[in-house]
Every structure is written in C-alpha cells, then in structure tokens.
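Comments concern the structure below.
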Amino acid sequence: MLPGQFVEVRVDNSPNTFLRRPISINFVDYNNNELWLLIQIVGDGTRKMSELKVNDPLNLILPLGNSFSLPQNTKSKVLLVGGGVGIAPLLFFGSYLKANNFECNFLLGGRSKDNLLQLNEFEQYGQVFTTTEDGSHGEKGFVTQHSVLKTQHFDAIYTCGPTAMMKAVALFATKNNIFCEVSLENTMACGFGSCLCCVTDTTEGHVCVCTEGPVFNITKLKW
Amino acid sequence: MVDLKIQLAKLQLKNPVMTASGTFGYGTEYADFIDISRIGGIVVKGTTLRERQGNPYPRMAETPSGMLNAVGLQNKGVDYFIQHIYPEIKSFDTEIFVNVSGSTLEDYIIASEKLNALDKIPGIELNISCPNVKEGGMAFGTSCLSASQVVKAVRRVYKNELMVKLSPNVTDIAEIAKAVENEGADSISLINTMLGMAIDAEKRKPILSTITGGLSGPAIKPIALRMVWQVAKAVKVPVIGMGGIMNATDAIEFLLAGASAIQIGTANFIDPIVSIKVIEGIEAYLVKHGCSSVYDIIGMLET
C-alpha cells in the first residue's frame, strides 16, 4: 500500500448506504498489521462505520488509486497541507517521506482546535503548523494565510482537503513555481474505473479520479 | 450435472449470466477479481461512432437502494475500440457484446458495420435507451416508429447477433418490443435505467450536472421484473432481463418471469465478484429443485 491510495468500504444493512464508501488510507502500521481509516461522520455510511466495535469484520476493496509521488530531489523541503478530514492521507505520506529522509512539514487547518486531529501523530514525522478559523489553535485564518508560507521556502507541496482550500494552495504553488500535487475526493460508485462517475476535467479530457488519481499534479487539472 | 447453457438466436452462452453495459468496463477492470471466462457473456461499455467526453461532473447520486448516473456515454469511439481495446479483450473466453449508441441513424449504421467485421464480437447490443445524451439514445427507443427505423437500418448491415436494449421510460414497452422484433432483432434486453432526479435541499440545487439521470439498482427491480414479464409474453425472441439484480435469487426471479438470460449491472460496482456468485447460486437452485437445465425455470412462473 502506498500513501495517497484509498479503500472502498462496504456498509451493509441500510438502503441509504447502497454504494461502498471511498476512504483514504490514513496510516499503515505494518508492525501491528493495522490499517487506519480516519472517518468524519457526514451521513449514514460514516455513522455506521463509527459504530463498529473492535473485531467487527469490515468488507474492503484495497488498495485503490495512484499515490503521491516523492520529490525528485532528495534534498527537497516538503510541505503537506491538509484541511479537515482531508489530513487523513497526509499522515501516511508524512511517515513515508520521513522514512525516505525528506524534510517534512505539515500545515493543517480546521474551523477550530477540535477539528485538528492526530497532531501528536503528525509531530512524529515533521514540524506541524496549524491554522484555525476562530484562532483557537495556531494562527487565525486559512492555511493559505499562514506566515510560514512567507518565511520559508518549500520545494514541493502536497494537499488534501476541501476543494476551495486545495484550489487556493494550488494557486499559491503555481504563482511561486512550486511542484504541487492534490488529492481529489470526487464521489464514486465503484472505485476501480468501471462506472466512470468520478471524473475530473484534465488536459487529457475527463479521467477517472479513482484510477488516474486520486492524486494529480496541478498542471494536469483544468481547475 | 445441471445444464446452464442458453441459446440466443444462433449464439449459445455457457450460462445465462451476463454483465451489463457501463457497469463492467471492458472486462479488464474485473480481471483482478474474477475469472472472466466463467461469465456467460459481457456487454462492454456504450460505444459511439466518435469519441465522447460524456457529461460534466457530478455524474452520480446515491439514492435509496440505488443510484442515479449521468455519465453520458463517455468513450473513445468505435475506431479506438477496434484498434486498442478489441486486441486486449478478444482472447477472453466468453461472449463479448458491444453496446452501440448514436446521435443519428447514420451513427448507428456506421458503428455497427465496423463491429460486424470483428471475429470475436459475436453480437452487439443496440442501445436505443440511454437517457443521458441530448440527442439520439433514448429518443430512438421511446416510439415504435423510431425504434423500428433504427433496428431496420442496423439489421441491414449487421449480420451477427443483434440484441436491442429497451428503455423503460415508455408507456407500453411490449409494443416497442414487438416493433423491434418485427424489424429483425435477434433478442431484446431490458431495462435500461429509469429517468430520475436528485436534489440537494440545503443548496437548493440538483445533484447531477445534467439535472436528471438514469436510476439503477434494486430500487427499479420490481419495475424491471414487470416489464420483462410483459415483453416475454409479447415476443418470440429471447429476452435478456436486467434491473437491480444483486444476487442469484433476483436473477432467478427474472428467469421465471421469462428472461432467457440476465445482466448484472450496478451490483458489479459494489461486489466485483457478484457475477460468479450469481452463476453458482442459479446452479445451486436448479440442483435443489431437481432441474436438469436452466430451461426448466425460464418462463415457468406459475400464475
């Protein structure tokens, strides 16, 4: 399994959870044979997942999708920017970057401090900067307003979170000529290239986010 | 041993389980999950004369026991299929049908003629029922006259198994079925998706970019069963039933209603190995009921 990939979770026994739920791989702990999924309760599917107990079986298809690409230059200083539950794949990627000797930094944003998750885990793999809209943790404002973007230079930026945030991060990267990849979360029916529902518009036309993505270089996307 | 073989005009399938167009890619997407050669037949993604980008995102809305889609026949066109996809899939040991759609009568004729030349494509499924394109598609399948015209024109150029896929978005589906049978359809498949709609109340906006889309899944199964039963009574050619089949029991219900074969659609998205489970489930049912052939249950609904 590679950072950026996702799983499709089957949630049975409800007419409202007919399709599988695509969920990012949050972390893989090979030592303990664990796969972590970070779930935000937004509807019936995620609510049912949140009610699972230890040792309950779970039907998954995995791993799916492509992965974040490592920077070409091993001296690269890397920034991972996450918002809300979009931080999920960045923890696994951060651990992967650290294992590959990259200098990794995290810029994580949320509405308030309660929305900033797994900060202790992130700190194991690099320096963590935060923003909250209400100023309850880190700098007040959005991730793209954080001072670290002005005071430090980054060679590569990777982002996952709300579309508006990712677009703002992509704009910053484009303006500053920084390599940038984003992880999209389009709604899917299958997750493996069969239904053609999750497409995004790219320089090569409509492509499936599940098979060509979820990770895209921003130069490929027609945002 | 139970005999699962079924006959569609001149073509024999090893069992009555097919996969529906647009839900099984080109088969290659499922090769990691199952042995494709066990399936009776696969109908590959809707193919048009020219490349189509399909509709803008969002194209899908989950609904109770089903989903709406508005993909809009995204495909690279029939020439690309012949040059690049056909060589990859022609060795699959199953019967491969190409679902053919078009905006004009001419589109249908040219695409069908090109596919007629392919050795390992024993049939086409003429799609006169796609609800997600602005021109053509379903417009051909919603009146007896236009349905007859397109089938007649394609029949003239297409010599292999001609399956015609009907739209449920009509007042009397049996009349359309009779019309296409009269023009030389070898078999009739139904139903395509039901036209539907989903709304995001908070945003006061439709969920699909196209506002309306095609509903599939168990939500439409009772309608599909009723229509298959009506059509099977009305025509002599074999009927291929589909609409919300999730398991072997669902499939058996369609066979009892008069379908000679069934197609599994939306269920492929949720359970990529469902087609194999359905084949095994039909076989187990036949054994349990002391049947020697699947024909012992086709059309055997007791009313």
Side-chain angles (χ1 to χ4, degrees), chain A residues 5 7-22 42-48 58-65 163-164 167 184-214 216 221-223, chain B residues 19-33 42 44-46 51-76 132 198 200 207-209 213-219 244 246 265-274:
Chain A
Q5 290 187 305
V7 306
E8 280 277 7
V9 185
R10 185 157 174 172
V11 188
D12 284 324
N13 305 322
S14 160
N16 294 327
T17 56
F18 179 62
L19 300 169
R20 288 175 183 266
R21 268 57 189 159
V42 289
D44 285 352
T46 42
R47 185 177 310 109
K48 280 192 177 291
L58 196 58
N59 180 325
L60 305 175
I61 299 175
L62 81 166
L64 296 168
T163 304
K167 284 186 179 177
L184 303 186
E185 300 189 299
N186 289 11
T187 51
M188 298 173 183
C190 69
F192 43 86
S194 168
C195 71
L196 308 187
C197 289
C198 64
V199 293
T200 190
D201 202 10
T202 70
T203 52
E204 292 160 23
H206 282 148
V207 302
C208 284
V209 167
C210 65
T211 49
E212 303 297 312
F216 290 91
L221 292 176
K222 277 192 184 171
W223 270 0
Chain B
T19 54
S21 176
T23 67
F24 205 68
Y26 294 100
T28 48
E29 292 84 346
Y30 287 80
D32 279 353
F33 296 105
I42 66 180
V44 302
K45 176 74 193 150
E51 178 172 3
R52 290 180 57 95
Q53 279 293 313
N55 293 318
Y57 180 85
R59 293 176 171 185
M60 195 277 290
E62 188 179 31
T63 57
S65 297
M67 59 176 274
L68 287 159
N69 90 80
V71 171
L73 293 172
Q74 179 178 329
N75 78 102
K76 290 187 185 291
N132 292 324
D200 183 329
I207 293 178
L208 299 174
S209 68
L215 180 64
S216 64
M246 298 298 289
T266 307
N268 290 311
F269 299 150
I270 298 153
D271 183 3
I273 64 173
V274 65

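By convention in this document, chain letters (A, B, ...) are assigned in the order of the sequence lines, proteins followed by strands, and residues within each chain are numbered from 1.
Residue contact with chain A, scored on non-hydrogen atoms closer than 4.5 Å, involves the side chain of B:Thr266 exclusively. For a residue to count as touching a neighbouring chain, one of its non-hydrogen atoms must lie under 4.5 Å from one of that chain's; by this rule B:Asn55 touches chain A with the backbone only. At a 4.5 Å heavy-atom cutoff, the contact between B:Phe33 and chain A is made by side-chain atoms alone. In this structure, chain B has heavy atoms under 4.5 Å from both the backbone and the side chain of A:Asn186.
Nearest heavy atom pair, residue A:Phe192 against residue B:Pro272, reads CZ-CG, 3.9 Å. Minimum interatomic distance between B:Met60 and A:Ala189 (heavy atoms only, all atoms of both residues): CE-N, 3.8 Å. Closest of all the heavy-atom pairs between B:Pro64 and A:Asn16 is CG-OD1, 3.8 Å. For A:His206 against B:Arg59, the heavy-atom pair with the smallest separation is ND1-NH2, 3.0 Å.
Taking CG of A:Asp12 as the start and CD1 of B:Ile270 as the end, the distance is 9.5 Å to the nearest 0.5 Å. Note that OG1 of A:Thr187 and CD of B:Glu62 are 9.5 Å apart. Values are rounded to the nearest 0.5 Å. Taking OG from A:Ser194 and CG from B:Asn268, the interatomic distance works out to 6.5 Å, rounded to the nearest 0.5 Å.
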Worksheet item: Between A:Val209 and B:Tyr57, is a side chain to side chain contact (heavy atoms under 4.5 Å, CB included) present by the stated rule, with each step listed?
Response: CA-CA 11 Å; A:Val209 167; B:Tyr57 180 85; over 6 Å; no
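Under the ring pair (Phe, Tyr, Trp, His ring centres under 6.0 Å) criterion, A:Phe18 pairs with no residue, sequence neighbours left out. With sequence neighbours left out, the ring pair (Phe, Tyr, Trp, His ring centres under 6.0 Å) criterion links A:Phe216 to no other residue.
In terms of heavy-atom pairs under 4.5 angstrom with chain A, the leader among B:Pro58, B:Ala61, B:Pro218 is B:Pro218. Between chain B and the options A:Asp44, A:Asn59, A:Leu196, heavy-atom pairs under 4.5 Å are most frequent for A:Leu196.
By the 4.5 Å heavy-atom criterion applied to side chains, B:Glu29 and A:Cys190 are not counted as neighbours. B:Asp271 has its side chain within reach of A:Arg10: a pair of non-hydrogen atoms, C-beta onward, lies under 4.5 Å apart.
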